[in-house]
Number of protein chains: 2
Amino acid sequence: MEADNPDLSTAFAEQIERHRFPPGYRKVFLAAIEAFAERGFHATSTRDIAARAGMSPAALYVHFQSKEDVLYRIAVSALELTRDMVLATTEGIDGPTGRLRATVRALTTWHAVHHAAATVVLHELAALTPDHRAEVLRLRRSVDRLVSGPIAAGVRAGEFAVADVGAATLAVLSLCVDTARWYRPGQRRSAREIAESHAETALRIVGAAVR
Amino acid sequence: MEADNPDLSTAFAEQIERHRFPPGYRKVFLAAIEAFAERGFHATSTRDIAARAGMSPAALYVHFQSKEDVLYRIAVSALELTRDMVLATTEGIDGPTGRLRATVRALTTWHAVHHAAATVVLHELAALTPDHRAEVLRLRRSVDRLVSGPIAAGVRAGEFAVADVGAATLAVLSLCVDTARWYRPGQRRSAREIAESHAETALRIVGAAVR
DNA sequence: GTCTATACAGGGATAGAC
DNA sequence: GTCTATCCCTGTATAGAC
């Protein structure tokens with residue numbers, strides 16, 4: 001979870017602290033995120049998670065009901081943090097152009113820095129129980145609305161030239177979330193540079209008048 | 001694998017026929033793609049694949065060395081078909097704008113119609129042996145070049161306004177491939193409509209002068 | 001070339017001591 | 001609350017008949 005943006009790279013850990021997880025809990029969380037992202041939920045054994053967290057397999061079951069429960073709690077925490085982080089970052093910014101730019105910047109940075117957690121949220125949810133999956137997908141839609149909101153506002157204000165708000169939202173979201181698929185630390189561009197580039201690209205996608 | 005574009009929906013099956021796979025082979029292929037995409041490689045058992053293909057688990061091993069071999073051959077076939085399909089579709093089209101439009105249209109349609117196969121190629125490659133993975137990633141880069149080529153040509157010709165060709169390529173590719181994550185048949189827009197929309201969005205991303 | 005039956009390994013979850 | 005030991009199921013792959 002190391003990264004080139006200290007503020008965001010530590011945010012997930014802070015969120016975990018804030019929820020006052022018991023000792024030993026946090027390292028299980030981080031170990032499982034790494035393992036699920038690298039190898040997938042089903043390829044990851046409870047022994048893998050326990051070993052990475054420096055404990056015995058049985059100790060996991062003191063804090064978690066099952067392996068699925070680990071995935072579920074990771075997904076909920078990650079999405080709640082994503083939502084809260086975007087809300088905090090865009091607070092006080094007026095105007096659709098500024099809000100969209102800030103939102104895309106924040107979402108892209110998050111998906112780069114926390115690409116492991118993002119991969120889990122984007123591609124490992126099939127392993128959840130139906131109830132848990134429905135809840136997590138509701139959370140994911142609340143993140144989607146953070147993008148569709150500014151786009152719709154920009155269309156209403158005449159700042160954006162968009163024929164289909166839903167289509168534009170999906171396009172901008174694809175840009176942000178696919179970052180988690182290809183970004184790795186140490187590549188040509190830093191997470192910050194990519195976020196800046198994505199923000200300008202998003203404004204092109206929505207046909208922003210003012211640049 | 002049913003879809004709203006008959007030409008592309010049957011293309012993968014035709015490719016398989018063209019390679020003259022033995023009888024029984026093709027249905028294993030299609031069964032495994034569905035299962036890997038729905039549940040992931042590791043969550044899919046050889047019993048699952050065999051059942052979906054209407055045969056015994058042991059019969060799989062007549063045609064495939066291992067479960068990893070099934071994944072490997074699926075990935076190679078799918079990527080070769082993607083590449084050949086784009087090349088065939090854009091053949092004879094002159095000018096970067098027209099070529100990029102046709103390429104994005106073809107790639108988007110493919111990732112919508114064959115979203116199961118695309119998901120496997122995009123997110124299940126970690127289960128491959130290192131040699132197989134390297135070979136498949138080479139194939140994937142050859143598909144990437146089908147996008148970067150027209151963008152670079154458009155910049156040289158003065159048709160596109162792009163500061164960083166690599167960044168623009170990644171953005172356009174994100175648009176195309178992420179379709180496989182969210183598109184499902186029967187949604188509001190057809191694969192054809194999404195492809196058309198993505199083609200125009202791609203031209204916005206590269207700042208195409210002529211529209 | 002397909003079947004049934006099975007060898008063998010690995011993993012989820014629990015028991016019970018400390 | 002953590003450990004070691006273990007139950008028991010599932011899954012890959014193979015053996016051998018037809």
Side-chain angles (χ1 to χ4, degrees), chain A residues 16-17 19-75 120 124-133, chain B residues 16-17 19-75 120 124-133:
Chain A
I16 289 166
E17 302 298 348
H19 281 199
R20 295 169 193 272
F21 291 151
Y25 195 105
R26 178 176 171 273
K27 60 186 180 189
V28 172
F29 230 82
L30 296 177
I33 287 172
E34 294 288 338
F36 290 164
E38 276 175 29
R39 309 162 43 80
F41 175 81
H42 291 284
T44 301
S45 68
T46 52
R47 288 174 172 86
D48 286 342
I49 300 171
R52 287 189 196 230
M55 59 181 61
S56 73
L60 284 182
Y61 290 88
V62 175
H63 302 296
F64 298 90
Q65 278 191 350
S66 65
K67 196 173 79 161
E68 188 268 352
D69 185 40
V70 177
L71 175 62
Y72 166 65
R73 294 210 229 164
I74 284 173
V120 172
E124 298 295 327
L125 303 187
L128 292 174
T129 64
D131 282 0
H132 284 168
R133 184 163 53 251
Chain B
I16 289 166
E17 302 298 349
H19 280 199
R20 294 169 194 271
F21 290 150
Y25 195 106
R26 177 175 172 273
K27 59 186 179 188
V28 171
F29 230 81
L30 297 177
I33 288 171
E34 294 288 338
F36 290 164
E38 275 174 30
R39 309 161 44 79
F41 176 81
H42 291 284
T44 301
S45 68
T46 52
R47 287 177 173 90
D48 286 342
I49 301 171
R52 287 188 197 230
M55 60 179 62
S56 74
L60 284 182
Y61 291 86
V62 176
H63 302 296
F64 298 91
Q65 278 192 351
S66 66
K67 196 172 81 160
E68 188 268 351
D69 186 40
V70 177
L71 175 63
Y72 166 65
R73 294 210 230 166
I74 284 173
V120 172
E124 299 294 330
L125 303 187
L128 292 174
T129 64
D131 282 1
H132 284 168
R133 185 162 54 251

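The figures that follow rest on heavy atoms only: side chains count, while hydrogens, waters and symmetry mates do not. Proteins come first, then strands; the chains are lettered A, B, ... in the order of their sequence lines, and each starts at number 1.
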Of the non-hydrogen atoms in [X] and [Y], which two are nearest, and what is the gap between them?
{"X": "Val120(A)", "Y": "Ala37(A)", "value": "CG2-N, 3.9 Å"}
{"X": "Ala127(A)", "Y": "Leu71(A)", "value": "CB-CD2, 3.9 Å"}
{"X": "Thr44(A)", "Y": "Ala35(A)", "value": "OG1-O, 3.2 Å"}

Hey, can you tell me if Tyr72(B) and His132(B) have their rings parallel, tilted or perpendicular (30° and 60° cut-offs)?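 If you compare the ring of Tyr72(B) with that of His132(B), the planes turn out parallel.
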Identify the pairs formed between an N or O of the protein and an N or O of nucleotides 13-18 of chain D at a distance under 3.5 Å, and give each distance.
unit_1  : atom_1 : unit_2   : atom_2 : d
dA13(D) : OP2    : Tyr61(B) : OH     : 2.8
dA13(D) : OP2    : Lys67(B) : N      : 3.2

Length of the line joining [X]:[atom1] and [N]:[atom2], which is rounded to integer Å:
{"X": "Asp69(A)", "N": "dA13(C)", "atom1": "CG", "atom2": "C1'", "result": "13 Å"}
{"X": "His42(B)", "N": "dG12(C)", "atom1": "NE2", "atom2": "C1'", "result": "17 Å"}
{"X": "Leu60(A)", "N": "dA13(C)", "atom1": "CG", "atom2": "C1'", "result": "11 Å"}
{"X": "Phe64(A)", "N": "dT2(D)", "atom1": "CZ", "atom2": "P", "result": "12 Å"}

Candidate nucleotides dC3(D), dT2(C), dC3(C), ranked by approach to the side chain of His63(B) - the nearest: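 The closest nucleotide is dT2(C).
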Looking across every strand, which nucleic acid part, if any, lies under 4.0 Å from Ser45(A) by heavy atom: base, sugar-phosphate, or nothing? sugar-phosphate
Please list all pairs passing the side chain to side chain donor-acceptor pair (under 3.5 Å) test where one or both residues lie in residues 46-59 of chain B, with sequence neighbours left out. Glu38(B)-Arg52(B), Ser45(B)-Asp48(B)
Contacts satisfying ring pair (Phe, Tyr, Trp, His ring centres under 6.0 Å) that involve residues 32-57 of chain A (not counting sequence neighbours) are Phe36(A)-Phe41(A)
